[in-house]
Undergrad: 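The following block contains the structure, expressed as structure tokens.
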Amino acid sequence: MAAENINRPEESKETKNFIEEIIDSHLESGRYNRVHTRFPPEPNGYLHIGHAKSICLNFGLAKKYNGLCNLRFDDTNPTKEEVEYVDSIKEDVNWLGFQWDAEYFASDYFQQLYDWAEKLILEGKAYVCECSQETISTNRTTPTRPGIACEHRDRTPETNIELFRRMKNGEFPDGTMVLRAKIDLNSPNMHMRDPIMYRILHAHHHRTGNQWNIYPMYDYAHGESDSIEGITHSVCTLEFEVHRPLYEWFIQNIGIHAPQQIEFARLNLSYTIMSKRKLLQLVNEKHVSSWDDPRMPTISGMRRRGFPADAIRDFADRVGVAKRENVIEYGLLEFCVRESLNKKAERRMAVLNPIKLIVTNYPENQVDMVTGVNNPEDENAGTREIPFSRELWIESDDFMEEPIKGYHRLFPGNEVRLRYAYFVKCTGCKKDENGNVVEVYGEYDPASRGGNSPDGRKVKSTIHWVSAKHAAELETRLYDRLFTIPAPDDAEEGKTFLDYLNPDSLKTITAMCEPALAEARPGQFFQFERIGYFVPDKDSPEGQPRFNRTVTLKDGWAK
RNA sequence: UGUCCUGUGGUGUAAUUGGCAACAUGUCUGAUUCUGGUUCAGAAGAGUUUAGGUUCGAUUCCUAACAGGACAACCA
């Protein structure tokens with residue numbers, strides 16, 4: 001094998017993570033002359049941001065070393081897995097921006113796995129055990145004490161192979177017997193105390209149908225699948241560390257290509273949960289609408305929320321790869337999202353919490369068009385025309401009858417700029433019987449058309465607005481974090497993560513939007529000026545976009 | 001309890017493999033700005049879990065302790 005296609009990353013200021021250092025040493029020592037990774041999801045749920053880290057890592061490693069990366073579905077448990085999940089997983093990996101070199105299923109290897117199991121049996125390295133689940137467990141005892149051998153352990157290979165074949169043929173009911181590797185009942189590592197390789201399951205498998213009555217366990221299937229595919233570096237999360245001796249035992253005793261398993265710390269994000277079980281619970285108990293509810297930390301949820309794929313990749317990059325447990329601040333994800341969106345989102349004006357501003361010296365039925373810049377960060381984004389008239393919607397936060405110190409928006413006597421339009425000076429307001437402001441009044445300066453005064457006069461603030469008679473009233477969903485505390489998993493006594501659901505994680509309002517927003521289409525990104533980033537939801541009817549708030553703008557004033 | 005893994009600013013990740021701790025984010029200032037956004041400039045913030053040891057010198061090597069985590073499924 002020529003090794004000239006190995007691509008060692010050029011010396012750059014970028015430091016290497018510990019996995020890359022291991023790979024470098026393997027390449028140097030000649031243990032491997034290539035890099036081949038895989039992303040091995042179990043199709044029993046939707047992918048989440050934690051998987052995104054693993055996807056970026058595995059595909060990233062392959063790319064960096066000019067190697068390959070497979071997508072392999074770890075579908076060894078037919079009772080939990082469904083095609084729906086297979087489809088969503090493929091879509092999510094693609095959307096994240098990765099193409100796998102080959103697509104496999106662990107179930108593709110069932111026959112090979114079976115043959116190897118027979119080989120181990122014949123060599124006296126595996127046996128059929130008829131103990132109950134409880135007996136197996138109690139016979140394993142505890143780590144400090146030796147395990148107890150059951151009467152099945154010393155059966156002859158002939159008996160074992162016959163029993164195993166009958167297991168395969170479906171002659172026994174579920175749970176009556178299992179195939180166990182004969183390793184070491186006294187190992188301090190409980191995984192080595194004769195682990196189960198096969199269990200009987202008369203279940204319909206999403207790919208092999210009813211062909212099999214026995215299914216391999218993770219520990220027996222995973223490493224062998226890696227080996228079959230020629231994987232060199234099998235990257236997984238920390239909890240599999242104790243499984244590594246077992247992974248290596250099977251490979252060695254079958255006598256096949258040996259990949260190196262390397263474990264890293266999974267991603268944890270503050271204010272969110274990552275467990276598939278809990279995520280499923282949120283969906284099943286209707287705390288969210290679906291797996292792709294924009295509040296979900298799933299890849300599909302984030303996509304619907306408006307997080308760009310490049311932001312997620314950047315995030316995965318920034319959190320790094322190490323072995324120590326970590327909790328990433330949610331703010332870092334938001335930073336990555338804003339940084340990406342700032343460059344690509346077109347600006348629009350929309351008023352979320354409207355109050356009317358009447359420009360008293362502007363002619364009653366006049367309308368003029370002012371020009372708005374679509375994206376100050378991108379010259380190619382062009383401009384658009386926005387209608388201006390006497391009655392405008394402005395944000396109620398942008399007016400205070402009695403301003404607090406530091407406030408320089410609209411208050412009686414103060415002049416501000418209406419973005420892209422005119423200077424307007426506040427002359428007062430009208431209140432209802434309860435003292436609530438219902439209308440704000442102002443006078444504009446015709447000479448300031450376009451947003452600048454010829455006399456060089458300055459204003460301290462610019463506010464956004466929407467012409468009342470031209471406003472498009474569009475449904476807008478204001479999303480916030482799903483949980484109220486940083487670590488919803490660490491519930492205090494007597495509580496569960498559900499007790500920390502944020503009741504205000506979704507507020508649906510009608511926003512007063514500039515007309516151009518009515519033409520927004522799913523897939524586009526917008527910044528509502530001074531407010532945040534928004535995307536049209538996929539469930540929007542034609543010509544009537546419903547907006548999802550992706551993230552707010554950073555608020556340096558923060559009342 | 002046993003085995004294994006991990007301890008570096010608030011958070012995360014580094015430190016040329018022994019040379020007085022860097023980057024990002026966050027926070028706080030100030031400047032710029034037709035978004036209280038962006039951008040720019042600056043500041044504060046860890047002496048590397050602790051105690052010993054080796055060394056001229058330790059985040060890095062050794063020992064012990066302490067703390068946190070994983071495992072003890074016919075789940076993956």
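Note on naming: letters A, B, ... go to the chains in the order of the sequence lines (proteins, then strands), and numbering restarts at 1 for each one.
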Undergrad: For this output row, return yes or no: ring centroids of A:Tyr422 and A:Phe388 closer than 6.0 angstrom.
TA: yes
Undergrad: Using side-chain contact (heavy atoms from CB on, under 4.5 Å) as the criterion, point out the one residue from A:His243, A:Glu239, A:Glu241 that pairs with A:Glu263.
TA: A:Glu241
Undergrad: Taking only N and O in the side chain of A:Thr462, is any of them less than 4.0 Å away from OP1 or OP2 of B:G36?
TA: no
Undergrad: Specify the residue among A:Met217 and A:Leu238 whose closest nucleotide of RNA chain B lies further upstream toward the 5′ end.
TA: A:Leu238
Undergrad: Do A:Arg207 and A:Phe105 meet the cation-pi criteria used here (NZ or CZ under 6.0 Å from the six-membered ring centre, within 45° of the axis)?
TA: yes
Undergrad: With a 4.0 Å cutoff (strictly under), does any side-chain N or O of A:Arg199 reach OP1 or OP2 of B:C75?
TA: yes
Undergrad: Please give, in whole Å, the distance from B:U32 P to A:Lys458 NZ?
TA: 10 Å
Undergrad: Could you pull out the closest heavy-atom pair between A:Tyr420 and A:Val370, with the gap in Å?
TA: O-CB, 3.4 Å
Undergrad: Closer than 4.0 Å, any side-chain N/O of A:Ser137 to the OP1 or OP2 of B:A73?
TA: yes
Undergrad: Report yes or no: is there a donor-acceptor pair, N or O only, under 3.5 Å between the side chain of A:His243 and the base of B:A70?
TA: no
Undergrad: Is the shortest side-chain N/O distance from A:Arg193 to OP1 or OP2 of B:A72 below 4.0 Å?
TA: no
Undergrad: Could you run through RNA chain B and flag its stems, i.e. three or more consecutive Watson-Crick or G-U pairs with both distances under 3.5 Å?
TA: B:1-7 with B:66-72, B:10-13 with B:22-25, B:27-31 with B:39-43, B:49-53 with B:61-65
Undergrad: Does a nitrogen or oxygen in the side chain of A:Arg324 sit under 4.0 Å from OP1 or OP2 of B:A70?
TA: no
Undergrad: So, do A:Tyr407 and A:Trp557 have ring centers that fall under 6.0 Å from each other?
TA: yes
Undergrad: Looking at the base of B:G36, is there any donor atom on it, or on the side chain of A:Arg409, that sits under 3.5 Å from an acceptor on the other one?
TA: yes
Undergrad: May I ask you to decide if A:Ser187's main-chain N or O and A:Arg193's side chain share a donor-acceptor pair within less than 3.5 Å?
TA: yes
Undergrad: Between B:U54 and B:U60, how far apart are the P atoms? Round to whole Å, please.
TA: 15 Å
Undergrad: Please state whether the phosphate of B:A76, meaning OP1 or OP2, lies under 4.0 angstrom from any side-chain nitrogen or oxygen of A:Lys276.
TA: no
Undergrad: In terms of side-chain heavy atoms of A:Ile328, which of B:C74, B:G12, B:A14 is nearest?
TA: B:G12
Undergrad: Please work out whether the ring planes of A:Phe547 and A:Phe534 are parallel, tilted or perpendicular, with thresholds of 30° and 60°.
TA: perpendicular
Undergrad: Select from A:Thr141 and A:Pro40 the residue whose nearest nucleotide in RNA chain B is closer to the 5' end of that strand.
TA: A:Thr141
Undergrad: Rounding to an integer number of Å, can you tell me how far A:His222 NE2 sits from B:C75 P?
TA: 17 Å
